[in-house]
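The structure under discussion appears below in the form of structure tokens.
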Amino acid sequence: MFERVGKRLQLSEAGRRLLPRAERLLDELDTFVEAAREPEGVLRGELMLAASATIGTHLVPSLVGRFTESNPGVEIQTRLRNSDEVIADLLHLEADLGLIEGPCNDSRLNAEVWREDHMCVVCAPGHPLAVTGRLSDEDLRREAWILRESGSGSRAIFEAAARMRTPRLHVRMALNQHEAIKQAVRAGLGLGCLSQLCVAEEVARGELVALENDLPLTRYFSLVWHPQRYRSPLWQAFKVFLREA
């Protein structure tokens, strides 16, 4: 692009030919930087949120609604996945922030505890255990179970708790939708274990019966993100909002 003449540099023929294009590029870069700059106190832009099913169904809609109502220039897209899929999305840089059930065991990601949740064992009102209202260790071994698919945080928590009492479970069905699990349990096909967030209405209406048990079924939801993903002012503001909500 340049030629040296004595102690000076001057444009070569190619440099002179490309100079107008370079000037246009620099002008466009200035415009781009100005457009990207956030006005003071105003958030705008898009955020991709990947959330496991329980969180994405029962918590995310109201939280996102409150945040976007206060920040009309913001769009938050939510992708419902199981916990393993959320982690995969973050590792592939396909999501800005993840919400999963339980801890994140992948050292390539950053994570922090978000909030506490309690799992609930349920049966149909016509099930024999509905009379006693309690699940024993023998029941845990004997009964058929309707659980989430492998890779689900809900299933991982339940299986970890169950292994303390029995070496194996009779898993009759593995389903990837909470509603499908509740329908199967209501039909008397087996017992289920889901977040209280998922079954509270059905238990209140008498459509499902919550069984007392001694299993350690308290868990924690986690916020997860990739350390190399750009953390925009919008990202930081939404993370603070989630922590304080």
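Numbering of residues begins at 1 and proceeds along the displayed sequence. Just so it is clear, the structure is predicted and the values come from calculations on it, not from any experiment.
- For the residue pair Thr68 and Asn71, no side-chain donor N or O sits within less than 3.5 Å of a side-chain acceptor on the partner.
- Every residue meeting the ring-ring contact (aromatic ring centres under 6.0 Å, His included) condition with Trp235, not counting sequence neighbours, appears here in chain and number order: Trp225.
- Within the hydrophobic cluster formed by Ile, Leu, Val, Met, Phe, Trp and Tyr side chains joined at under 4.5 Å, directly or through other members, Tyr220 is accompanied by Val113.
- Inter-residue side-chain proximity for Arg229 and Arg231 is flagged as unmet; no heavy-atom pair is nearer than 4.5 Å.
- With Asn82 as reference, Glu149 is the one residue of Arg155, Glu149, Arg148 to meet the side-chain hydrogen bond (donor to acceptor under 3.5 Å, both in side chains) rule.
- The one candidate from Ser154, Ser83, Ser152 that meets the side-chain hydrogen bond (donor to acceptor under 3.5 Å, both in side chains) condition with Glu101 is Ser154.
- Between the side chains of Asp117 and Gln196, no donor-acceptor pair of N or O atoms lies under 3.5 Å.
- Partners of Arg21 by side-chain hydrogen bond (donor to acceptor under 3.5 Å, both in side chains), not counting sequence neighbours: none found.
- When hydrophobic side chains of Ile, Leu, Val, Met, Phe, Trp and Tyr are connected at separations under 4.5 Å, Val209 ends up clustered with Met119, Val121, Leu129, Leu135, Leu140, Trp145, Leu147, Ile157, Phe158, Leu169, Val171, Leu191, Leu211, Leu215, Leu217.
- In this structure Ala180 satisfies the side-chain contact (heavy atoms from CB on, under 4.5 Å) test together with Leu175, Gln177, sequence neighbours excluded.
- Remark: Asp137 engages Arg165 in a side-chain hydrogen bond (donor to acceptor under 3.5 Å, both in side chains) (not counting sequence neighbours).
- By the salt bridge (Lys or Arg N to Asp or Glu O under 4.0 Å) test, Arg186 pairs with Glu179, Glu207, sequence neighbours left out.
- Within the structure, ring-ring contact (aromatic ring centres under 6.0 Å, His included) contacts touching residues 54-98 (residues at least two apart or in different chains) are Phe67-Phe238, Phe67-Phe241.
- In terms of modelled atom types and a separation under 3.5 Å, the side chain of Ser195 and the main chain of Leu197 share a donor-acceptor contact.
- Residue pairs meeting the ring-ring contact (aromatic ring centres under 6.0 Å, His included) criterion with at least one partner in residues 107-128, sequence neighbours excluded, are absent.
- Across every non-hydrogen atom of Ala111 and Val224, the tightest pair is CB-CG2, 4.1 Å.
- Evaluation of the ring-ring contact (aromatic ring centres under 6.0 Å, His included) test over residues 160-180, restricted to residues two or more places apart or in two chains, returns none.
- Partners of Arg79 according to the side-chain contact (heavy atoms from CB on, under 4.5 Å) rule, which considers only residues two or more places apart in sequence or in another chain, are Met48, Arg81, Asp89, Glu94.
- The hydrophobic side chain of Leu80 is isolated, with no ILVMFWY side chain under 4.5 Å apart from it.
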